[in-house]
Number of protein chains: 2
Amino acid sequence: MDIATERDGDAGTRRRLPPQERREQIVNEAVRFFAEVGLEGNTRQLAKRLGVTQSLLFKYFATKEELLEAVYEKVYLGRLSSDWPDRLTDRSVPLRTRLLAFYTEYSRLIFEHDWMRIFMFSGLAGAALNHRYLEHLGDVILEPVLAETAAVASGTRQPSMEDIWNLHGGIVYIGIRTHIYGLPAPEHPEEVIASAIDKYLAYFGVSEI
Amino acid sequence: MDIATERDGDAGTRRRLPPQERREQIVNEAVRFFAEVGLEGNTRQLAKRLGVTQSLLFKYFATKEELLEAVYEKVYLGRLSSDWPDRLTDRSVPLRTRLLAFYTEYSRLIFEHDWMRIFMFSGLAGAALNHRYLEHLGDVILEPVLAETAAVASGTRQPSMEDIWNLHGGIVYIGIRTHIYGLPAPEHPEEVIASAIDKYLAYFGVSEI
DNA sequence: ACTCTTGTTGATCGGATGATCTATAAAAAA
DNA sequence: TTTTTTATAGATCATCCGATCAACAAGAGT
């Protein structure tokens, strides 16, 4: 009972870390923690995981809400701030190549347990950051994809925003069913993504070299 | 302050309902309530909505967990128990017509605020019912769709289960983005669905009359 | 009217949870 | 070593939440 009740990380010893380092450690664990149990997860359990007292958390974050915002920031930041808009509209490259590059990279970024779950939790909670992210995604990714497709689409069929959402949703759903619903992941996601893109392009008569 | 604090439904008066009726009333409101605030919503708030004391809830459900199971049952039941397997495999009807009929009906059933959100909440919580539902969906809907598509697919390309998931996910994502993320719904979902199905069928060279 | 059944209320309990405060000790400064 | 700083622990508070229980009253039967 004595040794068994010891802390996970550093058994019993009181480690004194520089604030910046400790803060980072807390946020990192908080991301994993809240992604697993949901945003209502309690601070005591989180503290236990860190091998630290619950009160310590409130030295770094005045309220739990403030901690959650740090979690949001950590998770959301850098996930959509890139040169994609430029690369997606670079017409010297075939649209198929561009789409493939984007969704390969993007899926690598978002098909990640913590991100997928926190995004869904915060989406259900109606978090403002969620709406901003999706708005940004629409402006910076989906709209350009629509314009680029329209530019090279042959035949009478012209793509609408709904078609882009369908392409996007079909791909993102891979992450949802694996990380939210816990279903087995496809063995070769790249192939699945490529297939989705080809299906999309073929439908609008895009045939490139 | 006096009249303002009155209950929503029946101002102040203590209404005595037959147990069956009261139970149904509780479950109905619980579905709406938990769909909105999440499964951690507290019983006091729910009771307030019902214009009833919190303790009354525990006369009808021994624990909150039991109430939640009643909510699950109410929401899940009848959402996938139909003659779809038979209709989906009826080869006297063009596959496109079958798929269109299925997804039109199915989307009408699941693109519903309460269902979508409770499904997502319970999915994140890892509820057993969720897994059973998806397993059932795979066996009863997706597998048949795969078999039917393979039967009429022309050309070298043969569909895999991943392709069916892509079709399904692309359509279901409409409900996710509207009811979970709170984005505006498409004006004509039927057209969007039809477009998704046509894109899918065209990719596997299915061309029927 | 009267009695009986039981649906409903109001008060309350035990535990959990966010947050606060003081004492301690680890690391840096002298 | 001694002093100073402050990161950390431990105890505690106020509130919230699920659950319990005794008392009350609405409606049915007589």
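By convention in this document, chain letters (A, B, ...) are assigned in the order of the sequence lines, proteins followed by strands, and residues within each chain are numbered from 1.
Rounded to an integer number of Å, the gap from B:Lys48 NZ to D:dC16 C1' is 14 Å. In this structure, B:Lys59 atom NZ and D:dG18 atom C1' are separated by 14 Å, rounded to whole Å. Straight-line distance from the CG atom of A:Leu56 to the P atom of C:dT20: 14 Å, rounded to whole Å. Atom CG in A:Leu46 sits about 13 Å away from atom P in C:dA19, given to the nearest Å.
Side-chain polar atoms of B:Lys74 and B:Asn28 form a donor-acceptor pair below 3.5 angstrom. A donor and an acceptor atom, one from each side chain of A:Gln20 and A:Arg23, are nowhere located under 3.5 Å apart.
Side-chain N/O atoms of A:Lys64 include one lying less than 4.0 angstrom from OP1 or OP2 on C:dG18. For D:dG18, the OP1/OP2 oxygens have a side-chain nitrogen or oxygen of B:Thr43 closer than 4.0 Å. Phosphate contact (OP1/OP2 of D:dT8, side-chain N/O of A:Tyr60, threshold under 4.0 Å): present. OP1 or OP2 of C:dT8 sits under 4.0 Å from a side-chain N or O of B:Arg22. Side-chain N/O atoms of A:Asn42 include none lying less than 4.0 angstrom from OP1 or OP2 on C:dA16.
Residue A:Phe61 is out of contact with every strand shown, counting any heavy-atom pair closer than 4.0 Å.
For A:Arg16 against D:dT6, a side-chain-to-base donor-acceptor contact under 3.5 Å is present. With hydrogens and angles left out, the side chain of B:Ser55 and the base of C:dG10 share a donor-acceptor pair within 3.5 Å.
Distance from the side chain of A:Arg44 is smallest for C:dA19 among the nucleotides D:dG18, C:dA19, C:dC21. Comparing atom distances between the A:Thr53 side chain and each of D:dG18, C:dT8, D:dA9 picks out D:dA9 as nearest. Of the candidate nucleotides C:dT20, C:dT9, C:dG7, C:dG7 has the atom nearest to the side chain of B:Pro19.
For B:Tyr181 and A:Phe119, the ring centers sit closer than 6.0 Å to each other.
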**OP:** Return one dot-bracket line describing DNA chain D 5' to 3' (Watson-Crick or G-U wobble pairs, both distances under 3.5 Å; ( ) same strand, [ ] crossing, | another strand, . none).
**Re:** ||||||||||||||||||||||||||||||

